[in-house]
Amino acid sequence: MKIDRSQRIPAPDFDLALTLDSGQTFHWEKAGAGFVGTIGDRATYVEQRGSVLKVHEGEPPSPTGRRPALPRVVARYFALDHPLGKICASFPNDPVMQTASNYCRGLRIMRQPRWECLATFITSSMKQVAHIRQISRILRRRFGEPRWLGEETIYVYPTPNRIAQLREDDLRECALGYRAKNLLATARMVSDGRVDLEQLARLSDDNLRAQLCKLPGVGAKVANCVMLFAYERLHAFPIDVWIERVLRQKYFPRRRKLRAGELRDFAASHFGVHGGYAQQYLFHHARKTTPRRLSVRPR
DNA sequence: CTCCAGGGATGAT
DNA sequence: ATCATCCATGGA
């Protein structure tokens with residue numbers, strides 16, 4: 001008979017499914033009543049029951065040294081310590097923000113591994129979330145190390161060293177298109193030590209952004225995503241096509257001409273010290289409530 | 001079929 | 001600084 005190895009973690013003010021569907025990570029998949037995925041190199045099952053998470057993990061591939069206990073790893077990954085009440089209370093009191101805030105109750109900005117977050121957002125340029133997920137799945141299955149979780153195999157995100165060994169064509173075969181060159185070049189910079197992603201955590205927001213933007217395939221938007229999702233810079237405000245649409249339509253409906261710089265300055269000042277959280281709520285609300293265009297058009 | 005997607009790099013104003 | 005153009009791919 002099977003032993004229930006699951007552990008329980010208190011998780012108030014948290015919505016697991018909402019958080020995993022919000023376009024931060026791209027690899028978690030539904031499994032039974034919960035989700036399976038990796039947290040760093042650990043294959044993990046997570047299931048929410050009310051305000052408690054049930055978690056268990058797969059066996060490590062080989063005898064390993066002592067590792068942090070899984071509940072602490074999960075709690076840190078999902079940022080269960082973020083004071084969500086205070087964060088939401090810091091949002092501006094305008095109807096657009098309040099609607100998004102109410103819609104996204106329990107959504108948390110996760111603490112992702114640096115390389116994994118950087119690499120996936122390099123592959124995200126001009127891609128829908130569904131396709132970013134597909135690219136992540138292919139890269140993991142082809143180049144990532146396997147882990148076993150019960151009956152199923154989970155793949156860790158490939159390391160910078162592994163990607164750096166590949167040829168551009170290997171990545172193009174993973175449907176990366178023009179992004180292949182950028183992912184490869186950035187992987188080689190991280191792999192050979194020209195950039196130390198962990199050391200970058202010391203830098204101020206502006207210096208961190210500047211350093212990230214030196215990496216091939218990283219501009220302001222991707223840099224802000226990586227700052228927000230992997231460096232805990234909760235003021236970073238990525239502006240993608242969805243957010244730009246929201247800002248222009250909801251906050252500047254009568255301004256035909258509006259420079260990108262003006263949008264950036266408005267976002268930085270209007271949404272408060274946790275602007276990144278506000279941005280994520282606006283993004284997810286817009287993406288989930290904007291009706292898809294009907295497929296059949298008159299001719 | 002067309003339109004669009006969690007953009008970046010480059011070159012011209 | 002700001003804008004135009006190109007870059008691959010596949011879902012809807």
Side-chain angles (χ1 to χ4, degrees), chain A residues 18-28 100 104 107 109-110 112 116-139 168-187 189 209-231 233 236-249 255-268 271 275-299:
Chain A
L18 176 65
T19 298
L20 291 181
D21 189 38
S22 68
Q24 299 183 58
T25 62
F26 303 91
H27 69 285
W28 289 89
C104 296
L107 199 173
I109 303 286
M110 300 161 59
Q112 295 186 44
E116 179 179 321
C117 181
L118 171 63
T120 56
F121 276 96
I122 286 174
T123 68
S124 77
S125 125
M126 290 301 295
K127 280 296 180 189
Q128 297 180 135
V129 170
H131 197 217
I132 302 168
R133 292 179 61 88
Q134 182 187 339
I135 291 172
S136 171
R137 189 161 49 245
I138 297 172
L139 288 175
E168 184 179 328
D169 283 347
D170 296 327
L171 292 174
R172 282 187 178 260
E173 288 174 6
C174 301
L176 278 168
Y178 64 86
R179 305 155 194 84
K181 182 191 297 284
N182 292 330
L183 180 61
L184 181 59
T186 293
M189 291 181 68
R209 186 179 296 104
Q211 292 303 312
L212 289 172
C213 285
K214 289 181 177 177
L215 301 171
V218 180
K221 189 270 174 183
V222 169
N224 279 320
C225 283
V226 175
M227 290 173 64
L228 181 59
F229 300 141
Y231 286 89
R233 307 304 170 100
F237 197 101
I239 298 180
D240 72 327
V241 291
W242 287 95
I243 288 296
E244 178 163 357
R245 204 176 294 145
V246 170
L247 294 183
R248 287 181 183 277
Q249 292 180 356
R255 290 275 313 263
R256 184 66 186 88
K257 295 287 188 182
L258 187 63
R259 312 205 181 283
E262 300 183 71
L263 266 188
R264 177 176 48 73
D265 294 343
F266 168 76
F271 293 101
Y277 254 98
Q279 177 276 159
Q280 186 63 14
Y281 284 20
L282 292 171
F283 170 80
H284 190 254
H285 176 256
R287 206 168 70 85
K288 290 300 177 180
T289 60
T290 303
R292 291 286 114 205
R293 192 157 31 118
L294 297 179
S295 57
V296 180
R297 316 190 310 156
R299 61 186 162 106

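Naming: A, B, ... by sequence-line order, numbering from 1 per chain.
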For A/Ile138 and C/dA8, what is the distance between atoms CD1 and C1' respectively, to the nearest whole Å?
-> 14 Å
Would you check if the side chain of A/Thr120 reaches a backbone N or O of A/Cys117 as a donor-acceptor pair within less than 3.5 Å?
-> yes
Where each residue is assigned the nucleotide of DNA chain B containing its nearest heavy atom, which of A/Pro216 and A/Cys225 is assigned the position nearer the 5′ end?
-> A/Cys225
Which donor-acceptor pairs under 3.5 Å do the side chains of residues 174-182 of chain A make with protein atoms, sequence neighbours left out?
| from | atom 1 | to | atom 2 | distance (Å) |
| --- | --- | --- | --- | --- |
| A/Tyr178 | OH | A/Ser125 | OG | 2.7 |
| A/Arg179 | NE | A/Ser125 | O | 2.7 |
| A/Arg179 | NH1 | A/Leu176 | O | 2.9 |
| A/Arg179 | NH2 | A/Ser125 | O | 2.9 |

Who are the side-chain hydrogen bond (donor to acceptor under 3.5 Å, both in side chains) partners of A/Arg245, not counting sequence neighbours?
-> none
Of all the nucleotides listed (B/dA5, C/dC7, C/dG11), which has the minimum atom distance to the side chain of A/Tyr178?
-> C/dC7
Please determine, for the side chain of A/Arg259, which listed nucleotide (B/dG7, C/dG10, C/dT2) has the closest atom?
-> C/dT2
In whole angstrom, give the distance that lies between atom CZ of A/Phe26 and atom P of C/dG11.
-> 16 Å
Taken to the nearest whole Å, CG/A/Leu176 to C1'/B/dG7 is 15 Å
A/Gln134 side chain N/O closer than 4.0 Å to the phosphate oxygens (OP1, OP2) of C/dG10?
-> no
Out of B/dA5, C/dA8, C/dT9, which nucleotide sits closest to the side chain of A/Trp242?
-> B/dA5
Tell me what A/Arg172 touches on the nucleic acid: a base, only sugar-phosphate, or nothing, going by heavy atoms under 4.0 Å.
-> sugar-phosphate
In this structure, which one of A/Thr123, A/Ile135, A/Leu20, A/Val129 forms a side-chain contact (heavy atoms from CB on, under 4.5 Å) with A/Phe26?
-> A/Val129
Identify whether any heavy atom of A/Thr120 sits under 4.0 Å from a base atom; if not, whether one sits that close to sugar-phosphate; answer base, sugar-phosphate or nothing.
-> nothing
Would you mind classifying the nucleic acid contact of A/Leu215 as base, sugar-phosphate or nothing, using non-hydrogen atoms under 4.0 angstrom?
-> sugar-phosphate
May I ask you to say what A/Arg245 touches in the nucleic acid, namely base, sugar-phosphate or nothing, with a heavy-atom cut-off under 4.0 Å?
-> sugar-phosphate
Taken in chain and number order and not counting sequence neighbours, the residues that satisfy ring-ring contact (aromatic ring centres under 6.0 Å, His included) with A/Phe229 are A/Phe121
Looking only at side-chain atoms of A/Ala175, point me to the closest of C/dG11, C/dT9, B/dG8.
-> C/dT9
With no hydrogens and no angle check, is any side-chain donor or acceptor of A/Tyr231 less than 3.5 Å from a backbone partner on A/Val226?
-> no
Contact class for A/Gly23 vs. all strands (heavy atom < 4.0 Å): base, sugar-phosphate, or nothing?
-> base
Who pairs with A/Gln112 by side-chain hydrogen bond (donor to acceptor under 3.5 Å, both in side chains), at least two apart in sequence or on another chain?
-> none
Determine the contact category for A/Ala220: base if any of its heavy atoms lies under 4.0 Å from a base atom, sugar-phosphate if only primed atoms, P, OP1 or OP2 are that close, otherwise nothing.
-> sugar-phosphate
Please list, pair by pair, any protein nitrogen or oxygen found under 3.5 Å from a nitrogen or oxygen in nucleotides 11-13 of chain B.
none

Would you sketch DNA chain C in dot-bracket for me? Only Watson-Crick or G-U wobble pairs with both distances under 3.5 Å count, crossing pairs as [ ], other-strand pairs as |, the rest as dots.
-> |||||||.||||
Sugar-phosphate, base or nothing in reach of A/Gln280, heavy atoms under 4.0 Å | base
DNA chain C nearest-nucleotide lookup for A/Glu262 and A/Lys127: closer to the 5′ end is A/Glu262
Any side-chain heavy-atom pair of A/Gln280 and A/Cys104 under 4.5 Å | no
Looking at B/dA5, C/dT9, C/dA8, which one has an atom nearest to any side-chain atom of A/Arg179?
-> C/dA8
Would a 4.5 Å heavy-atom cut-off, applied to side chains only, mark A/Leu107 and A/Gln24 as touching?
-> yes
Any idea which of B/dA5, B/dG8, C/dG10 is nearest the A/Val241 side chain?
-> B/dA5
Hey, can you tell me if A/Phe237 and A/Phe271 have their rings parallel, tilted or perpendicular (30° and 60° cut-offs)?
-> parallel
Could you tell me whether A/Ile239 contacts a base, only the sugar-phosphate backbone, or nothing, with contacts defined as non-hydrogen atoms closer than 4.0 Å?
-> nothing
